[in-house]
Amino acid sequence: SEKIQMPDEIKAKYEQLSEEGKTPLFFARDAELYGIIAVADTIKEDSPEAIKEMQNMGIHVVMLTGDKERTAKAIGANAGVDEVIAGVLPDGKESVIRKLQRKGKVIMVGDGINDAPAIKHADVGIAMGKSGSDICKEAADIVLLDDGFSTIVNAISFGRNVYQNLQRFIIFQLSVNVSALLFI
């Protein structure tokens, strides 16, 4: 807008594309606008269903991203997340994780170098292994070999089942030990 004149219809198109979760790119030369295209991240096919499953498990799903707020909110709405925190620089993600931890346990899922500090600080850090950076994988507690969101749901379910089985085992062992003490 500092270099070229932006007609109102182009400004309106920019607003529309942004609200759809797309990033508009303008092409101009010698102060003349030649065109506009939009690029967008696409959500994985299984994301909305997996997010719904997480919510059914009692998990508050937050999308934490460096994307602009309008774009992030559009993507978050399509995915069905509970909350969108946008415009966060890589070093700010760890700070956001600390704030979220004041409310409860936090699982951070990511795949990039910029996610590594937040993954490291989360109660449980999960790296998406197929597309993930090596630094992200090193920082994580769990590395998933499949990048689908349903894999995250499976990992959480598996972890909860292991925890419940351990609790049952400890209670069983304690009752056996107490019973043995009563008979001595």
Side-chain angles (χ1 to χ4, degrees), residues 18-23 39-171 173:
S18 294
E19 287 182 17
E20 292 172 2
K22 299 172 184 168
T23 302
V39 295
D41 289 329
T42 56
I43 60 173
K44 293 181 174 32
E45 265 185 46
D46 67 338
S47 296
E49 185 179 327
I51 289 167
K52 184 56 95 183
E53 286 183 52
M54 286 184 229
Q55 291 164 333
N56 290 339
M57 298 166 105
I59 297 171
H60 180 79
V61 181
V62 177
M63 181 177 142
L64 176 60
T65 180
D67 291 342
K68 293 186 183 284
E69 187 171 358
R70 184 180 297 171
T71 302
K73 285 190 175 187
I75 293 168
N78 287 337
V81 299
D82 296 306
E83 183 179 352
V84 174
I85 301 173
V88 182
L89 297 174
D91 59 340
K93 287 185 178 184
E94 183 179 357
S95 172
V96 171
I97 294 298
R98 289 179 195 270
K99 288 178 187 171
L100 292 172
Q101 285 175 321
R102 292 184 199 135
K103 298 177 185 175
K105 300 288 183 190
V106 174
I107 299 170
M108 171 67 185
V109 180
D111 63 358
I113 293 170
N114 59 346
D115 296 324
I119 283 175
K120 186 74 173 168
H121 191 77
D123 296 297
V124 177
I126 299 177
M128 303 304 276
K130 207 174 195 181
S131 64
S133 70
D134 289 340
I135 292 171
C136 186
K137 292 175 191 175
E138 286 293 322
D141 301 303
I142 299 168
V143 178
L144 301 175
L145 299 179
D146 181 11
D147 286 350
F149 271 43
S150 58
T151 308
I152 299 166
V153 173
N154 293 339
I156 293 168
S157 294
F158 180 76
R160 285 183 172 181
N161 288 338
V162 168
Y163 181 75
Q164 288 172 351
N165 286 338
L166 283 172
Q167 283 181 315
R168 289 185 195 118
F169 178 74
I170 290 169
I171 291 169
Q173 276 304 124

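Atom set for the values below is all heavy atoms of this structure, side chains included, hydrogens, waters and symmetry mates excluded.
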Could you please spell out the steps behind the side chain to side chain contact (heavy atoms under 4.5 Å, CB included) verdict for His60 and Lys103? CA-CA 11 Å; His60 180 79; Lys103 298 177 185 175; over 6 Å; no
Closest non-hydrogen atom pair between [X] and [Y], with its separation:
X      : Y      : answer
Gly112 : Cys136 : O-CB, 3.6 Å
Ala74  : Ser18  : CB-O, 4.4 Å
Ala122 : Ile97  : CA-CG2, 3.9 Å
Val84  : Gly76  : CG2-CA, 4.0 Å

Using modelled atom types only, decide if a donor and an acceptor are shared between the side chain of [X] and the backbone of [Y] within a distance under 3.5 Å.
X      : Y      : result
Asp111 : Met128 : no
Asp82  : Val61  : yes
Asn161 : Phe158 : no
Gln55  : Gly80  : yes

Using salt bridge (charged side-chain N to carboxylate O under 4.0 Å, His left out) as the criterion, list what pairs up with Lys73, not counting sequence neighbours. Glu69
In Å, rounded to the nearest 0.5 Å, how long is the span from [atom1] of [X] to [atom2] of [Y]?
X      : Y      : atom1 : atom2 : result
Asn165 : Ile170 : CG    : CD1   : 11.0 Å
Ile156 : Ile126 : CD1   : CD1   : 5.5 Å
Asp67  : Ile75  : CG    : CD1   : 5.5 Å
Ile152 : Ser157 : CD1   : OG    : 12.0 Å
Lys93  : Ile85  : NZ    : CD1   : 11.0 Å
Ile107 : Ile59  : CD1   : CD1   : 5.0 Å

Heavy atoms of other groups near [X] [atom1], more than 12 under 6.0 Å:
X      : atom1 : result
Leu166 : CG    : yes
Glu19  : CD    : yes
Glu83  : CD    : yes

With sequence neighbours excluded, residues passing side-chain contact (heavy atoms from CB on, under 4.5 Å) with [X]:
X      : value
Ala79  : Ile43, Ile51, Val81
Asp46  : Lys44, Phe149, Ser150
Thr151 : Leu144, Asp146
Glu20  : Gln16, Leu17, Lys22

When you compare the side chain of Ile113 with that of Asp134, does any pair of heavy atoms fall below 4.5 Å? no
Heavy atoms, side chains only, cut-off 4.5 Å: are Pro117 and Asp91 in contact? no
Sorted by chain and number, sequence neighbours left out, side-chain hydrogen bond (donor to acceptor under 3.5 Å, both in side chains) with Glu94 holds for Arg98
Before you tell me yes or no, could you show the steps for Val62 and Val106 under side chain to side chain contact (heavy atoms under 4.5 Å, CB included), namely the whole-Å CA-CA distance, both residues' side-chain angles and the distance that decides it to 0.1 Å? CA-CA 10 Å; Val62 177; Val106 174; over 6 Å; no
For Thr65 and Val88: C-alpha separation, side-chain torsions, deciding distance, then whether side chain to side chain contact (heavy atoms under 4.5 Å, CB included) applies. CA-CA 6 Å; Thr65 180; Val88 182; over 6 Å; no
Do His121 and Gln101 have side-chain N/O donor and acceptor atoms under 3.5 Å apart? yes
Go through the steps for Asp123 and Met108 under the test side chain to side chain contact (heavy atoms under 4.5 Å, CB included), then give the verdict. CA-CA 8 Å; Asp123 296 297; Met108 171 67 185; over 6 Å; no
